[in-house]
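One structure is given below, encoded as C-alpha cells.
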Amino acid sequence: MKFNYLIKKFFYLNITLKNAIVQRAFNVLSLSKFRGRRQQVFKSQAIARQSPPTRVHHFSLERDPPFPPSFLHPNSFRLKGLMGTVDAANKDVNVSLADKKPTVVFVLGGPGSGKGTQCANIVEHFHYTHLSAGDLLRAEIKSGSENGYDIHTCLQKLDITMIQNMIKEGKIVPSEVTIRLLQKAMLESGNDKFLIDGFPRNEENRAAFEAVTKIEPEFVLFFNCPEEEMERRLLSRNQGREDDNIETIRKRFMVFLQSSLPVIEYYKAKGKVREVTA
Ligand SMILES: Nc1ncnc2c1ncn2[C@@H]1O[C@H](COP(=O)(O)OP(=O)(O)O)[C@@H](O)[C@H]1O
Ligand SMILES: O=c1ccn([C@@H]2O[C@H](COP(=O)(O)OP(=O)(O)O)[C@@H](O)[C@H]2O)c(=O)[nH]1
C-alpha cells in the first residue's frame with residue numbers, strides 16, 4: 001500500500017517537474033518572440049514616420065488615423081499583417097535618402113565646445129540644414145511626455161523616461177532612436193545639405209548610421225576646446241537643461257573622452273577631420 005503510494009507520488013512529482021520545465025521553456029520562447037516583435041514595432045513605426053505617403057503603399061499615417069496603443073501591442077493582428085510591407089518600405093526609405101546623395105557634415109566636439117553656436121552661424125552663410133541630435137532627442141521627450149506615448153516613433157512612456165534618464169546621466173541614447181529621428185528630420189527638411197551636430201557620439205552610432213543610411217560624411221568639423229572652458233560655458237549656458245549641472249557635466253566629459261574621441265580619430269585616419277580651435 002505504502003509502496004503504491006510512493007510510486008504514485010513519484011509519478012506525480014515527475015509530471016509536475018516536466019510541466020514546470022515545459023512551461024519555463026515556453027516562457028523563454030515567448031519572451032524572446034516578444035522582444036523580436038517589439039524591435040519590429042519600433043522599425044515599423046519609424047517607417048510610418050519617415051516614409052513619404054507614396055512610398056508606403058499599404059500603410060501611411062497620412063491615410064490611416066493614429067493608432068491606439070492597443071495597435072502597437074505585439075499580438076496585434078493588424079501589426080503582424082503589416083510587417084512584410086513595412087520591412088520592404090524601410091529599405092525604400094533608406095534607398096530614397098541615399099539616392100538624394102545628401103552632403104552630410106558631422107559637427108563634433110566636447111559638450112559646450114560651441115557646436116550649436118557655430119552651426120547657427122554656418123547656416124546663415126551656407127545653405128545647410130542644422131540638425132542637433134540632442135535637440136531632436138529633447139523635442140521627442142517633450143512631445144512624448146505630453147502625449148503619454150509618441151505615435152510616430154512608437155516610444156512608449158517607459159522608453160521616453162528611459163531616454164530622459166540617460167540624458168540626465170550623460171549617457172548615449174541607443175542608435176536606433178537617434179538615427180530614426182535624424183532620418184525623419186532629413187527627409188522632412190527637403191534640403192540635401194546637413195550639419196549633423198553632436199552625432200555620432202560613439203563607434204556604434206557611426207557604424208549604424210553609415211550602414212542604415214548608406215551615407216558617409218563629406219567631412220567632420222571638430223571643435224577642440226579645453227575642458228575648463230567648456231565647463232565654464234556649460235555652467236552659464238542657462239537654458240534650463242537638466243544635464244547642465246556639474247555632476248552630469250563631468251560624466252559627459254568622460255563619455256566624450258572614452259566614446260566620442262575614437263569617432264574623431266576614425267575620421268582623422270580617413271583625412272576627413274577639419275579641426276577648429278574653439
Ligand atoms: N566661442 C565662444 N566663447 C564663449 N562662449 C561661447 C562660445 N561659443 C559658445 N559659447 C557659449 O557657450 C555655451 C555652450 O555653447 P553651445 O554652442 O551650446 O555648445 P555645444 O553645442 O557644443 O554644447 C553657450 O552658452 C554659448 O553661448
Ligand atoms: O547623438 C546623440 C546626441 C545626444 N545624446 C544625448 O543628449 C545629451 C546632450 O547632447 P547635446 O549634443 O545636446 O549636448 P552637448 O554635448 O552639445 O552639450 C548627451 O549628453 C547625450 O545624453 C545622445 O545620446 N546621442
Side-chain angles (χ1 to χ4, degrees), residues 104-124 128 130-142 144-145 153 155 159-186 194-210 212-213 215 217 220-264 266-267 274-278:
V104 165
V105 174
F106 288 146
V107 183
L108 301 176
S113 57
K115 303 181 293 294
T117 308
Q118 296 311 328
C119 281
N121 288 332
I122 296 169
V123 165
E124 263 192 36
Y128 276 85
H130 172 208
L131 300 176
S132 155
D135 284 351
L136 290 173
L137 287 167
R138 283 183 288 274
E140 198 67 8
I141 290 171
K142 194 157 177 273
S145 9
T153 45
L155 288 180
D159 302 308
I160 289 167
T161 311
M162 184 264 289
I163 293 169
Q164 193 166 19
N165 287 336
M166 292 186 88
I167 292 182
K168 260 193 233 165
E169 288 294 311
K171 292 181 182 157
I172 298 169
V173 171
S175 302
E176 196 187 7
V177 175
T178 321
I179 292 174
R180 190 182 312 153
L181 293 174
L182 287 168
Q183 281 177 305
K184 175 178 182 268
M186 287 168 87
F194 302 97
L195 287 176
I196 300 192
D197 160 11
F199 178 94
R201 271 184 136 78
N202 59 15
E203 268 296 293
E204 197 258 331
N205 274 178
R206 181 200 63 72
F209 181 86
E210 289 186 5
V212 169
T213 64
I215 299 171
V220 175
L221 272 182
F222 168 40
F223 285 76
N224 197 355
C225 187
E227 216 170 270
E228 316 81 70
E229 176 60 18
M230 295 197 285
E231 188 178 303
R232 215 178 358 258
R233 291 181 191 176
L234 290 175
L235 289 173
S236 51
R237 177 149 64 178
N238 234 355
Q239 287 177 356
R241 274 175 52 168
E242 286 189 289
D243 55 350
D244 278 350
N245 59 76
I246 191 63
E247 199 188 328
T248 315
I249 287 171
R250 297 254 156 91
K251 288 183 187 163
R252 285 156 72 198
F253 286 161
M254 282 299 286
V255 170
F256 175 71
L257 290 177
Q258 285 171 358
S259 306
S260 311
L261 267 184
V263 177
I264 295 164
Y266 171 88
Y267 286 120
R274 313 281 179 273
E275 193 166 323
V276 178
T277 305

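Side-chain atoms are counted along with the backbone in the values below, which use heavy atoms only and exclude waters and symmetry mates. Each ligand, and each atom within it, is numbered from 1 in the order the structure gives. These numbers were taken from a predicted model, which means no experiment stands behind them.
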Worksheet item: Do M254 and K251 have side-chain heavy atoms sitting under 4.5 Å apart?
Response: no
Item to complete: Report the member of E242, R241, R252, K115 with the shortest heavy-atom distance to atom 11 (P) of ligand 2.
Response: R241
Worksheet item: Between F199 and ligand 2, is there a nitrogen or oxygen pair with a distance under 3.5 Å?
Response: no
Fill in: atom 24 (O) of ligand 2 - nearest protein heavy atom and its distance
V173 N, 2.7 Å
Discussion item. Let me confirm one number: the CD1-CG distance from I172 to N202, rounded to the nearest 0.5 Å.
Written reply: 4.0 Å
Practice prompt. Please examine the side chains of P217 and F106, heavy atoms only from C-beta on, and report whether any two atoms are closer than 4.5 Å.
Written response: yes
Discussion item. Yes or no: does E169 have any heavy atom under 4.0 Å from an atom of ligand 2?
Written reply: no
Item to complete: Drop me the distance from R237's CZ to M230's CE, to the nearest 0.5 angstrom.
Response: 11.5 Å
Worksheet item: What do you reckon, does K115 have a nitrogen or oxygen under 3.5 Å from a nitrogen or oxygen of ligand 1?
Response: yes
Discussion item. Is the shortest side-chain heavy-atom distance between L235 and I246 below 4.5 Å?
Written reply: yes
Worksheet item: Under 3.5 Å, N or O to N or O, is N205 touching ligand 2 that way?
Response: no
Worksheet item: S113 to ligand 1: N or O pair under 3.5 Å?
Response: yes
Worksheet item: Can an N or O of R138 be found at a distance shorter than 3.5 Å from an N or O of ligand 2?
Response: yes
Worksheet item: Relative to atom 19 (C) of ligand 2, which among Q164, R201, M166 owns the nearest non-hydrogen atom?
Response: R201
Worksheet entry | Contact check: K171 vs ligand 2, nitrogen or oxygen atoms, below 3.5 angstrom | yes
Worksheet, complete the sentence: When distances are taken from atom 5 (N) of ligand 2, the protein heavy atom at minimum range is L137 CD1, 3.5 Å
Item to complete: Would you kindly specify which portion of D243 sits under 4.0 Å from ligand 2, judged on non-hydrogen atoms: side chain, backbone, both or neither?
Response: side chain
Fill in: Under-4.0 Å heavy-atom contact with ligand 2, by part of I167 that carries it
both
Worksheet item: Just wondering, more than 12 heavy atoms not from K171 lying within 6.0 Å of its NZ?
Response: no
